[in-house]
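All values derive from a computational prediction rather than experimental measurement. One-based numbering, in listed order, for ligands and for the atoms of each.
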Amino acid sequence: MKILTAEFIRSCAGPEQFLKGDLPEIAFIGRSNVGKSSLINSLLQRKGLAKVSRTPGKTRLVNLFQITSDDPGLAHFVLVDLPGYGYARVSKAMRSQWAPLIEQYLDGNDQLRAVVVLVESRVLSEQDHQTIAWLSSVGRSPIVVATKVDKLKMSERVGALRRLYEWLELDEGDGIIAYSAVTGEGRERLWAALKERIRT
Ligand code: GDP
């Protein structure tokens, strides 16, 4: 799968700025520092793209990117970089700003085909658990990706991923995709999972 073009569209602070066209959308969400920018750049093989989302003032907005690829199954789509959550010290304040915008984005969005939740391989986070449970409860059962797997020794991997799976209380059959933005591991699996969601 080759990305042909990847262009920043805009940052959205409210629903009036969301897209109303007919392109499929794929959204990415995760705690701050989970490796979301790195994963998006690795997935798209564009070094600085997700940097846009990290410029001051944009980290709390919904950032949209228009993507074209050489794969007929995903030729033209919108990648949606949702704001990160979980700065421990300002957690409550973040939540009051973060949750409404995310809810507005998800609400009645017929174009949204997949929500990808990023969790860090070695971290069991209550916020991750809650986010996944909440998405499932509103009918947006996510694709779960464990980031930074290159930090795990081979001998630690199976146990770490199993603990994560149990902690997050994922449904049977819903796997976790192990990803490393450093080695590129997981890239093909994630594209395959996304294509599956676009098709159905
Ligand atoms: P974001 O805040 O979720 O966008 O996170 P970043 O993509 O900025 O990554 C946060 C930190 O984790 C940075 O220091 C990255 O270099 C590091 N990081 C991100 N992905 C990986 C990965 O796959 N492997 C390793 N070893 N480090 C990673």
Going by distance only, is there an N or O of L39 that falls short of 3.5 Å from an N or O of ligand 1? no
Numbered atoms and elements of ligand 1 in range of K151, under 4.0 angstrom, heavy atoms: 26 (N)
Is any side-chain heavy atom of L19 closer than 4.5 Å to a side-chain heavy atom of Q111? no
When you check the gap from the basic side-chain N to the acidic O, do R157 and E185 get nearer than 4.0 Å? yes
Check contact between T147 and ligand 1, using heavy atoms of the residue and a distance below 4.0 angstrom. no
Could you tell me whether some N/O pair between S37 and ligand 1 is separated by less than 3.5 angstrom? yes
Nearest non-hydrogen atom to atom 21 (C) of ligand 1 belongs to which of E120, E185, K148, R31? K148
Steps toward salt bridge (charged side-chain N to carboxylate O under 4.0 Å, His left out) verdict (E196, R199): CA-CA 5 Å; E196 187 64 35; R199 231 194 329 264; 3.0 Å; yes
We want to know whether S42 and Y179 form a side-chain donor-acceptor pair, criterion being a heavy-atom distance below 3.5 angstrom. yes
Do the ring planes of H129 and W167 sit parallel (below 30°), tilted (30 to 60°) or perpendicular (above 60°)? tilted
Assess S180 for proximity to ligand 1: is some non-hydrogen atom of it under 4.0 Å away? yes
So is there a nitrogen or oxygen of N33 less than 3.5 Å from a nitrogen or oxygen in ligand 1? yes
Under-4.0 Å heavy-atom contact with ligand 1, by part of V182 that carries it: both
Got a sec, which pairs hit salt bridge (charged side-chain N to carboxylate O under 4.0 Å, His left out) with one end in residues 119-146, sequence neighbours left out? R31-D128, E120-K148
